[in-house]
Amino acid sequence: MPISAANIYRFGPFEVNPAEGELLKEGRRVHLQDQPFRLLVVLLENASHVVSREEIQARLWQNSAFGDFDSGLRVAVRKLREALEDDAESPRYIETVPKRGYRFLVAVAPAAIPESPVADGDLQSSALPRARHRKRIFGIAAFTFVAGGVGALLFW
């Protein structure tokens, strides 16, 4: 199942938004460099299937020598496992299939990013839930401030 830029993917406590290049754990951003993140996306696209080393090389390391690819892949997998708090000896998420490639072990649940509501023909700022939550809190705070000011003037 290919990942489209309009989707986010959830597994365990993690959420991946390919369009934003974000990996979240329980709503908190997890730092992950570009190459390991792109590897994660490839594995998510092929969850529960072995992704061959050749396919990974073709998708992520098109113009590098085999030695560069081999060491780069090892580093990317190690960094990805660190970010996911996974262990190569007893993997929960990423299984190494010797001499073949890697397999993402956990079921991935795709969830569409909510559409931004349209008001007066203009799109609201961000479709991400956190941005909408911040906007809502700011709106409530502004309303409370204005209502308090009006109430104070009327009372005076």
Side-chain angles (χ1 to χ4, degrees), residues 1-119 122-142:
M1 157 176 43
I3 291 182
S4 105
N7 288 324
I8 55 176
Y9 290 81
R10 294 185 178 109
F11 57 94
F14 295 98
E15 186 174 287
V16 175
N17 184 334
E20 297 294 323
E22 264 189 341
L23 170 63
L24 303 174
K25 180 180 181 187
E26 297 173 347
R28 293 189 185 114
R29 187 175 178 129
V30 176
H31 177 71
L32 189 60
Q33 293 174 336
D34 182 59
Q35 201 76 350
F37 182 83
R38 290 177 36 213
L39 175 60
L40 174 59
V41 171
V42 169
L43 293 172
L44 290 173
E45 287 175 344
N46 298 284
S48 78
H49 299 287
V50 175
V51 180
S52 71
R53 296 170 53 79
E54 293 77 20
E55 183 179 347
I56 293 169
Q57 183 175 21
R59 299 229 1 227
L60 303 180
W61 278 274
Q62 294 98 359
N63 299 322
S64 63
F66 187 77
D68 293 341
F69 162 71
D70 201 37
S71 63
L73 179 59
R74 276 194 308 271
V75 169
V77 169
R78 187 187 79 238
K79 289 182 179 184
L80 180 54
R81 283 184 170 139
E82 286 173 8
L84 298 177
E85 299 172 356
D86 201 11
D87 180 21
E89 298 302 316
S90 56
R92 287 181 297 172
Y93 299 113
I94 301 169
E95 174 189 27
T96 301
V97 181
K99 300 188 185 208
R100 289 188 54 210
Y102 297 90
R103 178 185 357 239
F104 197 78
L105 297 171
V106 178
V108 178
I113 295 175
E115 292 291 323
S116 296
V118 177
D122 295 328
L123 289 176
Q124 299 290 328
S125 65
S126 175
L128 295 175
R130 286 185 301 180
R132 274 196 271 142
H133 182 69
R134 277 189 226 125
K135 255 184 144 173
R136 185 174 297 140
I137 288 174
F138 179 77
I140 291 170

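Counting heavy atoms from C-beta outward, L24 and V30 have side chains that stay 4.5 Å or more apart. Between E55 and N46 there is a side-chain heavy-atom pair separated by less than 4.5 Å. Between E15 and L23 there is no side-chain heavy-atom pair separated by less than 4.5 Å. The closest side-chain heavy-atom distance from L105 to P91 is below 4.5 Å.
R53 and Y102 make their closest contact through NH1-OH, 4.4 Å (heavy atoms, listed as atom of the first residue, atom of the second, distance).
Applying the salt bridge (charged side-chain N to carboxylate O under 4.0 Å, His left out) definition to pairs two or more places apart or across chains, those involving residues 86-102 are E95-R103. Residue pairs meeting the ring pair (Phe, Tyr, Trp, His ring centres under 6.0 Å) criterion with at least one member in residues 25-54: none, sequence neighbours excluded.
Residues satisfying the side-chain contact (heavy atoms from CB on, under 4.5 Å) test with E54, not counting sequence neighbours, are S52. Under the ring-ring contact (aromatic ring centres under 6.0 Å, His included) criterion, F14 pairs with F11, Y93, sequence neighbours left out.
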I would like to know whether Q35 and L60 meet side-chain contact (heavy atoms from CB on, under 4.5 Å); could you show each step before the answer? CA-CA 7 Å; Q35 201 76 350; L60 303 180; 3.9 Å; yes

Starting from the C-alpha separation in whole Å, work towards a yes-or-no answer on side-chain contact (heavy atoms from CB on, under 4.5 Å) for L40 and F104. CA-CA 9 Å; L40 174 59; F104 197 78; 4.0 Å; yes

Derivation and outcome, side-chain contact (heavy atoms from CB on, under 4.5 Å), residues L39 and L73: CA-CA 9 Å; L39 175 60; L73 179 59; 4.2 Å; yes

Between I8 and E20, does a side-chain contact (heavy atoms from CB on, under 4.5 Å) hold up when you go through it step by step? CA-CA 9 Å; I8 55 176; E20 297 294 323; over 6 Å; no

Acceptor/donor pairs from residues 75-85 side chains to any protein atom, 3.5 angstrom cut, sequence neighbours excluded:
from : atom 1 : to  : atom 2 : distance (Å)
K79  : NZ     : Q33 : OE1    : 2.6
R81  : NH2    : I94 : O      : 3.1
R81  : NH2    : T96 : OG1    : 2.8
E85  : OE1    : K25 : NZ     : 2.8
E85  : OE2    : K25 : NZ     : 3.3

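One finds the CG atom of L44 at 13.0 Å from the CZ atom of R10 (value rounded to the nearest 0.5 Å). Rounded to the nearest 0.5 Å, atoms CG (L43) and CD1 (I56) are 6.0 Å apart.
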